[in-house]
Amino acid sequence: MGRRGSPCAGPAGSLSWAAPRSEWFVEGGAKQDPSPVTNVYDPASIEPRWQAHWEAEQTFRAPNPGERDFDPARPKYYVLDMFPYPSGSGLHVGHAVGYIGTDVVARKKRMEGCNVLHPMGWDAFGLPAEQYAIQTGVQPAEATRINTDNFRRQLKKIGLSYDWAREVNTSEPSYYRWTQWIFKRLYEKGLAYQAEVPVWWCEELKTVLANEEVINGRSERGNYPCVRRPLKQWMLKITAYAERLLEDLDGIDWPESIKIQQREWIGKSEGAEIEFAVEGAGEKLVVFTTRPDTLWGATFMVVAPEHKLLAKVPAAQRAAVDAYVKAAASKSELERTELAKDKTGVFTGLFAHNPAFEAGDPRGRIPIWVADYVLISYGTGAIMSVPGHDERDYEFARKFGLEVREVVKPPQGEKGFAEGACFTGEGTAVNSGPVDGLATPQAKKKAIELLAQRGVGKARTTYKLRDWLFSRQRYWGEPFPLLHLEDGRTIAVDDEALPITLPFMEDFKPSADGSAPLARAKDWVITSHKGQPARRDTDTMPGWAGSCWYWLRFMDPRNDREPWSRAAEQYWGPVDLYVGGAAHAVMHLLYARFWHKVLFDLGLVHTKEPFQKLFNQGLITAFAYQDSGGRLVASDEVEARGQDYVRRGSSEKLEQIVTKMAKSLKNVVNPDDVIAEHGADTLRVYESFMGPLADSKPWNPRDITGSKRFLERVWRLFVDPDAQDPVRPNLRVDQQAPLAGETETIERALNRAIARVDDSFKAFNFNTAIAALMELVNVISKRPEAFTRGQAERFALVLAPFAPHMAEELWRRLGNTRSLAHGPWPKPIAAFLVDDVVEIVVQVGGKMRGKVGVPKDAPQDAVEAAAREAAGSWLEGKSVAKVVYVPGRLINLITK
RNA sequence: GGGGGAGUGGCGAAACCGGCAGACGCAGCGGACUUAAAAUCCGCAGCCCGCAAGGGCGUGGGGGUUCGAGUCCCCCCUUCCCCA
């Protein structure tokens, strides 16, 4: 069977109507018994049959350039879902909404004649998978296999049009071989390095955690307490790409909100680096400031509790400083930087010299304090404090009685020093010697020049973005392709030696001493390099690693010579549409962009950015129920009674709340159950109909009925359940042009519906597409015998992205032998989109007072005359002062 | 604390550039068919006053611009998500 027709090809040839019934049902899975032939809508028989057919025919296989069936004349379209971590609890209907959305897009693009790449895979490495394995006692590899089998089964039942031949799994050696290979490239470019950094240590999990895995000083997973401690870690130098990650946001079609979040995260600030000599310590204290113009107002300095200068604290202050540092170590960054919090700090006994002043000038001798609102990880871990013009410095100075000096005069009308306020904006420099009288931007420039001349400062740009902590002391991740030699050198293994496979370990739990579990796999760790004894690196990569390049592997997933071929990447890249939750707005998308840019620099990809268009689907929430004691009651134990909700079989009233779907809230809805009860097409239509894809909206089991009823009504327009024929008699032959009467009424409704379906793809508000199709059904239902074959075929085609199983079934029953998966997609006919008579709203003084129907190109005075008549008594005794006429819409008569 | 959304009937929502607020559906009510029920079909349905014709009010609240505001501007309230 021809898998694909030309995009403009008409419907394929029809079967003879005398053909035996078996011929208008698909033969699908060869081993499957033909389903009982019935004219009643039965998704349970239709859907598996078509799914088997698509699989047998490889309907959704997307050939690469050079492969069998590849058609270079067609445009390409790459539509990608954020691939899931295959959790043990399986897929719920909230995950499905995004997958259904992309599938609707993929199916329409295919019907429009595109080569569509629409793959799916598994983000299977990482902490959650490992913890799940520990909890259940099943080996991670085994648990992953079971879970992915379950996810795949669930996804297939929804009728998603993935090219399953491209499935990838980040935890398989054939995949992570290339993750290691890419890491090697980063390592060779000097973008991977080891450093002793203060990192979160979780005693309970026996591991270091990334900042993003620690919330308020507790682990995201398990909620265990964490402390900061320095450890040697692998880092990736993402900061080297900060500027490009920022700049290139301008060229991609992403939601502005996500771009803003990324810009915030990168946090570019321009200013200066300034050196302060520390009195008697023979040391220099380097600070970064965005306001070098305020240097003359710096009356003290503050260092972070981790700052190395604290080693020089004089004996008199030693005990106080040590105690303070110890207390700060257990605080989270949140606690430390919270503006509302009382500032704490201790004088170190040290003084610095402010380079704005001559040596010996008493104004230049300023005290150095230690305070935890300064973070070691940001900037240089030390600041110059300008309490006159910085809120936090101001609070600190007031609390500890430090000098506040005004060096910026606010512009007219704003409160400043004179009013007892702390002015942080731009103004005019005062009390600042050489920069006096300059506006802030000029003063900044001049100050930097002066500092540079004297060799104590220079212009500098910093970023909030920090290098990426890339190692974990855990088992379930990609091993680093690195060897530590006896002579102390660290080298990468040869590319030919990849993958460095994860050794099987019976017990893979973290060691109690915090060392990586792989360190216990002695046979694996101890190896050799060119005759020299060597030890493998025992850290593993973080959960994010595998997802940093998976969209590239999908382009050429079975290539065992290279991660992907140049030809495949040239053809498919970049991803045209990437859909996933906004939860990944920063981390995943920033890391992925970073890797992609490194690969771009290496000439391995041809675009600077991986994802041209990004779209965030909304959260599906669900009802949850609480009893009077606030205890959760599982949704399936609840029944509606009038306006109330009660525990099944009792009269105990429950409160209904709307929240996210979670096992712990006992409100998870499994698509398997919905499909078993209503069918996959109903699930797809309901999820499309709930609201715009971007919105968060509650799952309401009661509402599904509407979508089911819609599909049943569609079915009955095509098929008479009481007859034996595949379709109703009026659908066997097309009516000859010109169309007239009721058939023309249907034709207008059909074209309007097609136009509205097309429109819904702009903002992914498929709810309006379904509404348009429902209105069409309402129109046809009033005159079913006027519905013609040609109209029925176009109806089936526009229905196909949303309810593909039913659409295929109806298409086949209409006599087409070829799947409609490759189109053609119908185009609305302009002539049927405009009406000859338009209804004009008549307003008097802006209030709606009537309506008139007029020919669509009626002149204004004719419309106005009709309007005056329609307005009737509303105009009595009044004269019309002004007329506002909006053709095709309304006419407003404004009276005196 | 910072950032990003969202507030429209009993519920999910629609309304393109400022132009009939509530399309489409759920739940509800009435009717037809049925011995009955389910299913299906037809009809009603924002709120208030009114027997009705009709009128008034209405898109979280308050102001503003405009012939006209759910939509634009200013202030405020509530709520969800993300980050620290």
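Chain identifiers are assigned alphabetically (A, B, ...) following the order of the sequence lines, protein sequences preceding nucleic acid strands; residue numbering begins at 1 within each chain.
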Quiz item: When all nucleic acid strands are considered with a 4.0 Å heavy-atom cut-off, which category describes A:Ile260: base, sugar-phosphate, or nothing?
Solution: sugar-phosphate
Exercise. Would you indicate which nucleotide in B:C83, B:A15, B:C26 comes nearest to any side-chain atom of A:Met587?
Key: B:C83
Quiz item: Between B:A15 and A:Arg889, is there an OP1 or OP2 to side-chain N/O distance shorter than 4.0 Å?
Solution: no
Quiz item: Considering heavy-atom distances to RNA chain B, does A:Ala771 or A:Ile894 have its closest nucleotide positioned more toward the 5' end?
Solution: A:Ala771
Practice problem: Could you check whether A:Arg713 gets within reach of a base, just the sugar-phosphate, or nothing at all, counting any heavy atom under 4.0 Å? | Solution: sugar-phosphate
Quiz prompt | B:G25 OP1/OP2 closer than 4.0 Å to side-chain N/O of A:Asn778 | solution = yes
Practice problem: Assign A:Asn767 to base, sugar-phosphate, or nothing according to its heavy-atom contacts below 4.0 angstrom with the strands shown. | Solution: sugar-phosphate
Practice problem: Identify, between A:Gly845 and A:Ser781, the residue whose nearest nucleotide on RNA chain B lies closer to the 5' end. | Solution: A:Ser781
Quiz item: So, A:Tyr885 and A:Asp861: side-chain donor and acceptor under 3.5 Å apart, yes or no?
Solution: no
Exercise. Considering only NZ, NE, NH1 and NH2 on the basic side and carboxylate oxygens on the acidic side, decide whether A:Asp758 and A:Lys108 come within less than 4.0 Å.
Key: yes
Self-check item: Integer angstrom distance from the C1' of B:C48 to that of B:C67
Solution: 28 Å
Exercise. Answer whether the closest heavy-atom distance between the side chains of A:Pro801 and A:Phe766 falls below 4.5 Å.
Key: no
Quiz item: If we take the C1' atom in both B:G63 and B:A13, what is their distance in whole Å?
Solution: 29 Å
Quiz prompt | Sub-4.5 Å side-chain heavy-atom contact between A:Phe689 and A:Met774 | solution = yes
Self-check item: Test item: A:Asp467 side-chain N/O and A:Met235 main-chain N/O as donor-acceptor pair under 3.5 Å
Solution: no
Practice problem: Tell me whether the OP1 or OP2 atom of B:C26 has a side-chain N or O from A:Lys697 closer than 4.0 Å. | Solution: no
Quiz item: How far apart are the C-alpha atoms of A:Tyr373 and A:Asp393, what are their side-chain angles, what is the distance that settles it, and do they pass the side chain to side chain donor-acceptor pair (under 3.5 Å) test?
Solution: CA-CA 10 Å; A:Tyr373 77 91; A:Asp393 296 348; 3.0 Å; yes
Quiz prompt | Interatomic distance, A:Leu890 CG vs B:G68 P [rounded to whole Å] | solution = 13 Å
Quiz prompt | Per A:Thr768 side chain, nearest of listed nucleotides B:G56, B:A15, B:C11 | solution = B:A15
Exercise. Determine the Euclidean distance between corresponding P atoms of B:C76 and B:G3; express it in Å to zero decimal places.
Key: 14 Å
Exercise. Classify the nucleic acid contact of A:Val886 as base, sugar-phosphate or nothing, counting any heavy atom under 4.0 Å across all strands shown.
Key: base
Self-check item: Separation of the P atoms in B:C72 and B:A14, to the nearest angstrom
Solution: 16 Å
Practice problem: Could you work out the separation of B:G1 and B:U8 based on their P atoms and round it to a whole Å? | Solution: 26 Å
Quiz item: Over how many whole Å does the gap from A:Lys708 atom NZ to B:A27 atom P extend?
Solution: 13 Å
Exercise. Report the glycosidic orientation of B:G9: syn if within 90° of 0, anti in every other case.
Key: syn
Exercise. Would you please classify the geometry between the A:His389 ring and the A:Phe423 ring as parallel, tilted or perpendicular, with 30° and 60° separating the classes?
Key: perpendicular
Quiz item: Would a 4.5 Å heavy-atom cut-off, applied to side chains only, mark A:Met82 and A:Leu614 as touching?
Solution: yes
Quiz prompt | RNA chain B stem ranges, 3 or more consecutive Watson-Crick or G-U pairs under 3.5 angstrom | solution = B:1-7 with B:77-83, B:10-12 with B:24-26, B:28-32 with B:40-44, B:46-49 with B:54-57, B:60-64 with B:72-76
Exercise. Could you check how far CD1 of A:Ile704 sits from C1' of B:A27, rounded to whole Å?
Key: 14 Å
Quiz item: Looking just at side-chain N and O atoms, do A:Arg713 and A:Ser781 make a donor-acceptor pair shorter than 3.5 Å?
Solution: yes
Quiz item: Which nucleotide in the list B:C57, B:C20, B:G55 gets nearest to the side chain of A:Met848?
Solution: B:C20
Exercise. Could you check whether A:Glu839 gets within reach of a base, just the sugar-phosphate, or nothing at all, counting any heavy atom under 4.0 Å?
Key: base
Self-check item: Spacing of A:His588 atom NE2 relative to B:C83 atom P, expressed in whole Å
Solution: 14 Å
Quiz prompt | Chi class for B:C17: syn within 90° of 0, otherwise anti | solution = syn
Quiz item: What's the CG-P distance between A:Asp695 and B:G5, to the nearest Å?
Solution: 13 Å
Practice problem: Taking the side chain as every heavy atom from C-beta outward, state whether A:Ile620 and A:Met661 have any atom pair closer than 4.5 Å. | Solution: yes
Quiz item: What is the distance from CG of A:Leu619 to C1' of B:C81, rounded to the nearest Å?
Solution: 8 Å
Quiz item: Side chain of A:Asn892: nearest nucleotide among B:G68, B:G12, B:A15?
Solution: B:G68
Quiz item: Taking the same atom, C1', in B:G4 and in B:U59, what whole-Å distance lies between them?
Solution: 23 Å
Practice problem: Check the distance between B:G19's P and A:Arg849's CZ and give it to me in whole angstrom. | Solution: 20 Å
Quiz item: Between B:C26, B:C20, B:C67, which nucleotide has the shortest distance from any of its atoms to the side chain of A:Arg709?
Solution: B:C26
Exercise. Could you give the distance separating B:G22 and B:C77 at their C1' atoms, to the nearest angstrom?
Key: 25 Å
Exercise. Remember a base hit wins even if backbone is also touched, and classify A:Pro255 as base, sugar-phosphate or nothing at under 4.0 Å, heavy atoms.
Key: nothing
Self-check item: Polar pair under 3.5 Å, donor/acceptor by atom type, side chain A:Lys851, base B:C20
Solution: yes
Quiz item: Can you tell me how far C1' of B:U40 sits from CH2 of A:Trp715, to the nearest Å?
Solution: 18 Å
Practice problem: Looking only at side-chain atoms of A:Lys882, point me to the closest of B:G55, B:C67, B:G19. | Solution: B:C67
Quiz item: Which nucleotide in the set B:A27, B:A14, B:C83 lies at the smallest distance from any side-chain heavy atom of A:Trp265?
Solution: B:C83
Exercise. For B:G60 versus B:G9, give the span between their P atoms, rounded off to a whole number of Å.
Key: 7 Å
